[in-house]
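See structure below.
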Amino acid sequence: MIIKKRQSWVESENSVTDEGLFHNRRNFMKLSGAMLGASLLSPALMAEEKRFLQALSFNAHQTDLREELTDYKAATGYNNYYEFGTAKDDPAANVHSLIPKPWSVQVDGLTAKQGDISLEDLIDFNALEERIYRLRCVETWSMVIPWIGVPLASVIKKLDPTPAAKYVRFETLADKKQMSGISSRVLTWPYVEGLRLDEAMHPLAFIAVGMYGKELPNQNGAPLRLVVPWKYGFKSIKSIVRISLTDTEPMNSWQKSASNEYGFYSNVNSEVDHPRWSQSYERRIGEFSRRKTLMFNGYGDEVASLYDGMDLRKYF
Ligand SMILES: Nc1nc2c(c(=O)[nH]1)N[C@H]1C(S)=C(S)[C@@H](COP(=O)(O)O)O[C@H]1N2
Ligand SMILES: [Mo]
């Protein structure tokens, strides 16, 4: 059973009295505690992790899903990151060649701010929040992750879009030296994703730089990735190196590869099947039984109004 509280993302940790939240909180503390204890980090890395956690502890916010967090091992061992291969265990095996630091993001298009912006200037690391979001992959698996990051809106505001800007387009790094999978032609590189500007400014849309109290593992999209919890997982573009504001709808990599199967919107929709499979059920990674997929992945109260009057069969 899933019970959601409205506007839950603005609730601070201190005001949490709800049992489900408390459970998740404990679950999270247990996990991060265990991982910190078990990890064999160099002193420099330890100091960095500590700074990361300190920044976080002052700004912990939480969405409340009464659901178990996905096991950390499953969330980092069963991934889609085609730049490192198409099998679910390829990213974890091949991703060590990715160098997520230092990192900068090229900003161009319809914004006042232009050019290369360092990760530290783009993301306010003193304002990190924790958000527990469900993510539902188009291939019918799902997971529940404690993400750490900032609202995408805060990043876009920094770029100062011009009035003509209507969409945001994102690109992933495409470097043959760091990414063993991009010699393959399964997709066109760089990996591209896009959002309508009002979707991008929605308070649920999130840029993650960490998860489970730690920095993002490379296979999950280090050093920064998108998380749009009401859309299929492939919208969550990883290792972003370019953000462009545009006045035309960006063509994403999956649309380009099969426009009959993947559209621009890609909202989780239990009522519209993928041409090759049903979208009405999903399986949590690490679990055996299936559960019903919820419209907009369960975030409909918050986001359905973005699509008022649109035929979601046409705009899939
Ligand atoms: N650059 C890039 N981003 C990507 C992908 C990819 O292949 N390349 N796969 C997407 C898909 S299909 C999913 S379901 C999610 C998976 O995120 P996870 O591995 O953290 O679970 O990442 C998305 N982001
Ligand atoms: Mo996916």
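Both counts, for ligands and for their atoms, begin at 1 and track the order of listing.
- Of all protein heavy atoms, the one closest to atom 15 (C) of ligand 1 is G233 O, 3.5 Å.
- Between N79 and ligand 1, a contact under 3.5 Å exists for at least one N or O pair.
- Under the 3.5 Å distance criterion, with hydrogens and angles disregarded, a donor-acceptor pair is assigned to the side chains of S142 and R284.
- Of the polar atoms of N220, at least one N or O is found under 3.5 Å from an N or O of ligand 1, judged by distance alone.
- Aromatic rings of Y167 and F264 (six-membered ring for Trp) have centroids within the 6.0 Å cut-off, being under it.
- In this structure, W230 has its ring center no closer than 6.0 Å to that of F296.
- Here's the thing with E83: one of its N/O atoms is less than 3.5 angstrom from an N/O atom of ligand 1.
- Side-chain atoms of N297 do not come within 3.5 Å of backbone N or O of T293 as any donor-acceptor pair.
- If you look at M143 next to ligand 1, the close heavy atoms, those under 4.0 Å, all belong to the side chain.
- Residue contacts with ligand 1, taken as heavy atom pairs separated by less than 4.0 Å, involve Y191 solely via side-chain atoms from C-beta onward.
- In this structure, the protein non-hydrogen atom closest to atom 9 (N) of ligand 1 is N80 O, 3.3 Å.
- Among the atoms of T172, some N or O lies under 3.5 angstrom from an N or O of ligand 1.
- Ligand 1 is approached by R225 to a heavy-atom distance shorter than 4.0 Å.
- Of all protein heavy atoms, the one closest to atom 14 (S) of ligand 1 is C137 SG, 3.4 Å.
- Atom 18 (P) of ligand 1 has K238 NZ, 3.4 Å as its closest protein atom, hydrogens excluded (heavy atom only).
- In this structure, atom 7 (O) of ligand 1 lies nearest to the protein heavy atom Y82 N, 2.7 Å.
- Among all protein heavy atoms, the one lying closest to atom 24 (N) of ligand 1 is S236 O, 2.8 Å.
- Judged by distance alone, the side chain of K235 and the main-chain N or O of G194 form a donor-acceptor pair under 3.5 Å.
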### Message
Under the criterion ring pair (Phe, Tyr, Trp, His ring centres under 6.0 Å), I'd like the reasoning laid out for Y82 against Y191: C-alpha separation, chi angles, the key distance, then a yes or no.
### Response
CA-CA 9 Å; Y82 275 27; Y191 191 99; 8.0 Å; no
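- With a 4.5 Å cut-off on side-chain heavy atoms, Q178 and H96 do not count as touching.
- A ring-centre distance under 6.0 Å is found for W141 and Y78.
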